[in-house]
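Here's the structure, in structure tokens; my notes come after.
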Amino acid sequence: MQLLTVEDLKVSFPTPDGVVEAVRGVSFSVDRGKTLGIVGESGSGKSVATQTIVGLNPGGKVSGQARFEGRDLLTMGRDELRRLRGAEIGMIFQDPLSSLHPYYRVGWQIMEMIRNHTDMTKRQARQRAIELLELVRIPQPHRRVDDYPFQFSGGMRQRAMIAMALALNPKLLIADEPTTALDVTVQAQIMELMQRLQDEFDIAIILITHDLGVVADVADEVLVMYAGKPMEVADRRSLYYRPHHPYTVGLLESLPRPTNKGQRLKPITGQPPSLIHPPQGCPFHPRCPYVMDRCVSEMPPLDDADGGVAGHRSACWLPSDIAGASPELDAQRLDVAQRNRTAVAAAPEGGAR
Amino acid sequence: MLKFLVRRLTLGVAVMWVVATAVFILYFIAPHDVARTLAGKQSTERVIQLIRHRLGLDKPITEQYLDYLNRLLHGDLGYSYVNSMPVVNVIKEDLPITASVAFGGAILWLLIGVSAGVLAATRPRSFLDRTVTAFALFFYSMPVFLLGQLFLLLLFFRLTMAGFDIFPGGGYVPFAASPGEWLRHLILPWFTVALVSASTYARLTRGSMLEVLGEDYIRTARSKGLRERRVIYRHGLRAGMSPVVTQFGIDLGTLLGGVILTETVFGLPGLGQQIVTSISDGDLPVIMGLVLLASGFIVLANIVVDALYAVLDPRVRLT
Ligand SMILES: Nc1ncnc2c1ncn2[C@@H]1O[C@H](COP(=O)(O)OP(=O)(O)OP(=O)(O)O)[C@@H](O)[C@H]1O
Ligand SMILES: [Mg+2]
């Protein structure tokens with residue numbers, strides 16, 4: 001049994017402008033020692049999905065299941081869920097600058113976490129905080145423990161956040177874009193640190209990012225989300241080398257990779273759709289260069305792609321054996337698309353690759 | 001922190017010196033002849049000259065100025081024209097009353113304002129939130145003297161007529177004489193001072209807390225599994241208080257104004273009433289003393305507020 005299994009999660013928010021359907025039926029799971037990557041553009045519902053299961057997103061209408069060690073997080077009592085947060089499920093967020101409280105010492109914030117869930121004395125908690133800072137490689141931890149967040153660099157703050165999130169040896173770590181706000185070298189250090197700690201403590205990690213490159217390095221399994229829906233699920237090798245969904249292909253082609261060396265990077269044109277009135281059919285069809293008649297009216301199911309190798313699934317009407325990102329494959333896709341397209345579904349501007 | 005305090009104190013002394021000088025200049029350009037006033041209408045020119053000499057008014061103005069500063073430094077504010085009492089004694093007599101009204105009022109105003117604001121902010125758009133907003137608007141648009149009169153009419157006059165002698169109609173009982181009576185006589189003045197300003201603070205706190213509760217570090221606090229109460233007070237209010245403290249520093253002048261009006265409405269013989277009578281009597285030394293006292297209070301209170309701000313925010317303290 002997996003540590004966390006989320007099934008058919010749906011989250012919507014009533015707003016004055018209408019109901020925002022942020023997450024529309026997402027399933028995923030992750031086990032100890034494994035990393036699940038969740039990828040998607042801004043607004044695709046990555047944060048909402050993960051924060052909802054730990055109860056950090058009140059005000060939304062939620063359905064589905066999220067079983068953590070067999071218990072459903074979505075139906076358990078508020079207090080029970082609160083006690084899981086921090087102790088069993090640690091979290092780190094995108095902006096380490098604003099995620100630590102500016103008025104409290106870094107050590108105090110870590111100690112607060114420890115003392116909230118254990119009955120350690122102040123002295124013991126402080127000792128543990130120093131150990132944790134050392135674990136995440138903060139220099140001179142016994143001195144830095146008394147610093148305020150503003151005295152830390154961005155990378156150090158994220159390390160401190162990691163130290164805090166891991167203070168109680170949680171089984172699951174949810175990292176919501178942990179490196180987006182950091183510069184490239186620091187990004188690599190933080191990712192390296194998370195992997196080292198994962199190996200050391202056998203932690204399950206959900207790594208949220210909009211950078212497929214990051215995920216391709218570290219994730220065991222990857223979920224690609226778009227407009228609140230799962231587009232493609234695969235192990236990282238399949239996803240990287242044999243992507244099936246045009247959205248995934250688009251994300252990969254907008255990224256510098258060894259396989260597209262010398263080619264011009266191609267950003268995905270257009271904007272993500274409104275979540276109040278999501279488009280009919282496949283939500284990606286207005287931006288898809290391979291749009292077919294069927295895409296406009298019918299949402300494709302998440303089905304085996306590329307022979308279903310290692311659970312590779314994709315929600316796209318294109319033939320399941322066209323998998324990979326290369327000019328030749330793109331031409332094949334276009335060929336199929338053009339044969340299945342009437343005037344009803346016009347390809348987006350500049351979409352013909 | 002120490003450097004910060006020293007800097008602020010030096011600045012405070014400088015401000016007081018400017019105020020003292022301004023008061024001195026006003027004294028000289030005011031259209032009155034002190035010696036003649038003191039001597040009375042019937043006295044001869046010789047007597048007036050004598051008084052002038054005794055008061056040092058015949059010395060060069062620079063020398064008088066230095067004498068004046070010297071006396072100030074020794075806590076000598078001169079004598080009242082009206083009853084020849086030292087101004088310091090006049091102030092000493094009335095200060096406890098004013099201090100009682102001002103401090104009690106200020107504490108109550110912060111307490112009511114901040115807690116109403118927090119309650120409203122933690123339940124935005126709820127019935128409670130709307131109620132707080134409605135009350136805040138009501139009291140915000142109410143002048144202090146009107147609120148005081150309303151209290152007297154409803155809570156003193158009507159209640160007493162109905163046989164419930166709960167609130168007195170004014171006056172003051174020293175704390176030392178009877179703490180209970182002291183409290184009973186001050187409750188209505190306190191609420192009068194507090195409610196009008198509290199409404200501003202409720203709205204200020206609400207806005208500030210709503211903003212703070214949306215911050216990332218609040219999400220972090222929740223992700224740590226802290227109880228909601230702790231999240232709101234330890235993490236939210238700590239940060240949300242900064243603008244409130246700043247505003248409080250600015251509003252101290254309002255507090256003094258409110259106290260003067262309130263003392264008048266409730267017949268409390270404090271400094272507020274003293275300044276009203278002194279102005280109508282033209283009792284310059286007392287007026288000057290009170291102006292200096294009020295300025296000193298505002299300067300001091302601002303230093304306290306700044307220090308409090310530094311205590312709240314380590315970035316102010318350490319950089
Ligand atoms: N409380 C809320 N009320 C209304 N809409 C919300 C709420 N929370 C999130 N949303 C909407 O849900 C959608 C998904 O948001 P989410 O934060 O999950 O995106 P994301 O994939 O994490 O993007 P990013 O990469 O920018 O973090 C967004 O359009 C957002 O505006
Ligand atoms: Mg997000």
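Only a predicted model underlies this, so the values are computations on that prediction, with no experimental measurement involved.
Taking the ring axis of Tyr140(B) as reference, the NZ or CZ atom of Arg203(B) stays within 45° of it and closer than 6.0 Å to the ring centre.
Only the side chain of Leu56(A) comes within contact range of chain B, judged by heavy atoms closer than 4.5 Å. Using a 4.5 Å cut-off between heavy atoms, Tyr148(A) contacts chain B through its side chain alone, with no backbone atom that close. Residue Gln151(A) touches chain B through its side chain alone, counting heavy-atom pairs closer than 4.5 Å. For Pro102(A), the parts lying under 4.5 angstrom from a heavy atom of chain B are both the backbone and the side chain. Both the backbone and the side chain of Arg227(B) come within less than 4.5 Å of a heavy atom in chain A.
Highest contact tally toward chain B, considering only Met161(A), Arg82(A), His117(A), Met164(A), is held by Arg82(A) [criterion: heavy-atom pairs under 4.5 Å]. Per-residue counts of heavy-atom pairs under 4.5 Å with chain B were compared for Gly86(A), Gly90(A), Ala167(A), Ser99(A); the largest is that of Ser99(A). Across Met91(A), His101(A), Arg78(A), Met113(A), the residue that shares the most heavy-atom pairs under 4.5 angstrom with chain B is His101(A). The choice from Gln51(A), Gln94(A), Arg105(A) that makes the most heavy-atom pairs within less than 4.5 Å of chain B is Gln51(A).
A donor and an acceptor atom, one from each side chain of Glu215(B) and Ser98(A), are nowhere located under 3.5 Å apart. No side-chain donor from either of Ser208(B) and Glu211(B) sits under 3.5 Å from a side-chain acceptor of the other.
Taking a cutoff of 4.0 Å between a charged side-chain nitrogen and a carboxylate oxygen, Arg126(A) and Asp146(A) qualify as a salt bridge. Between Arg128(A) and Glu131(A) there is a salt bridge, since at least one side-chain N of the basic residue sits less than 4.0 Å from a carboxylate O of the acidic one.
Aromatic ring pairs are classed by plane angle as parallel below 30°, tilted from 30° to 60° and perpendicular above 60°; the pair Tyr201(B) and Phe248(B) is perpendicular.
In terms of modelled atom types and a separation under 3.5 Å, the side chain of His235(B) and the main chain of Thr220(B) share no donor-acceptor contact.
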